[in-house]
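First up is the structure itself, then whatever we jot down about it.
Here is how names work: the chains are called A, B, and so on, in the same order as the sequence lines, proteins then strands, and each is numbered from 1. No experiment lies behind these values; they were computed from the predicted model shown.
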Amino acid sequence: KQEVTQIPAALSVPEGENLVLNCSFTDSAIYNLQWFRQDPGKGLTSLLLIQSSQREQTSGRLNASLDKSSGRSTLYIAASQPGDSATYLCAPYGNKLVFGAGTILRVKS
Amino acid sequence: EPEVTQTPSHQVTQMGQEVILRCVPISNHLYFYWYRQILGQKVEFLVSFYNNEISEKSEIFDDQFSVERPDGSNFTLKIRSTKLEDSAMYFCASRLIGTGGLETQYFGPGTRLLVL
């Protein structure tokens with residue numbers, strides 16, 4: 001059974017900092033891994049999908065890496081902004097998405 | 001940009017009542033999902049649906065739950081006799097069909113269900 005852990009659980013940083021969110025998963029038999037953003041009381045916005053054959057995927061200030069064999073993914077956010085404040089969820093996909101508990105990010109202006 | 005829509009956005013119901021949550025997936029998508037998130041907890045998979053049948057379901061998805069694609073656009077989740085513990089945000093998602101599930105799942109905004 002896939003288990004997903006995200007570290008840290010919460011993070012508070014000043015505006016402009018570069019930061020790294022970590023995700024680990026127990027079952028490496030995945031097709032892809034998605035990173036999502038969730039604002040309080042809202043739905044899930046897909047940020048990046050990284051295929052199992054890929055090592056990295058970039059979108060704007062976001063960069064996701066995947067090491068399938070070790071069961072790890074990281075989301076790198078460059079030059080953080082207050083608008084980045086949200087919960088970030090990692091979800092590997094085998095035959096369904098399995099979500100971590102998320103990292104709550106607060107970027108202070 | 002195409003998006004997944006869900007109705008209603010909020011629903012309050014009495015324990016034991018039936019509820020139907022509705023979703024309109026992105027029009028050319030063929031794989032559909034329901035997930036739920038109990039307040040303060042992780043997002044959990046409920047069921048996946050393809051080619052008019054359930055592909056996979058979780059242990060949460062018991063006989064009280066059912067899904068249907070009644071026409072070419074809607075995808076519904078029915079809870080036959082709601083319990084207090086069914087209170088949660090319910091998310092619908094859809095994706096294209098491709099090889100090995102390499103496509104992004106797009107999520108709707110959710111329906112917040114409160115069972116009293």
Decide yes or no for Y93(A) and E103(B): does some side-chain heavy atom of the first lie under 4.5 Å from some side-chain heavy atom of the second? no

Contacting moiety of Q41(B), where chain A heavy atoms sit under 4.5 Å: neither

Distance (rounded to the nearest 0.5 Å) between K96(A) NZ and S55(B) OG: 12.0 Å

Taking side chain as everything from C-beta outward and backbone as N, CA, C, O, which of these in V4(A) sits under 4.5 Å from a heavy atom of chain B? Side chain, backbone, both or neither. backbone

Would a 4.5 Å heavy-atom cut-off, applied to side chains only, mark L97(A) and F107(B) as touching? yes

Any chain of hydrophobic side-chain contacts (each under 4.5 Å) joining Y90(B) to F99(A)? no

Between the OG atom in S48(B) and the CG atom in N95(A), the distance rounded to the nearest 0.5 Å is 7.0 Å

Does atom CG of D63(B) have more than 12 heavy-atom neighbours, drawn from other residues, nucleotides or ligands, at distances under 6.0 Å? no

Taking V47(B) as the starting point, is it possible to reach Y31(B) by hopping between hydrophobic residues whose side chains are less than 4.5 Å apart? no

Any link between V67(B) and Y106(B) through a network of hydrophobic side chains (Ile, Leu, Val, Met, Phe, Trp, Tyr) touching at under 4.5 Å? no

Could you check whether atom CZ of R72(A) has more than 12 heavy atoms from other residues, nucleotides or ligands sitting under 6.0 Å from it? no

With hydrophobic residues grouped by side-chain heavy-atom distances under 4.5 Å, do Y35(B) and F36(A) end up in a single group? yes

Kindly check if the number of other-residue, nucleotide or ligand heavy atoms within 6.0 Å of CG (L84(B)) is above 12? yes

Measuring from atom CG of L49(A) to atom CD of Q105(B), what distance do you get when rounded to the nearest 0.5 angstrom? 9.5 Å

Would you check if the side chain of Q34(A) reaches a backbone N or O of T104(B) as a donor-acceptor pair within less than 3.5 Å? no

What one should report as the nearest heavy-atom pair of K42(A) and F91(B) is O-CZ, 3.7 Å

With respect to chain A, which residue among G40(B), P109(B), G110(B) yields the maximal number of heavy-atom pairs within a distance under 4.5 Å? P109(B)

Under 4.5 Å between side-chain heavy atoms, counting indirect links through other Ile/Leu/Val/Met/Phe/Trp/Tyr residues: same cluster for I26(B) and F75(B) or not? no

Contact origin within L89(A) toward chain B - heavy atom pairs under 4.5 Å: side chain

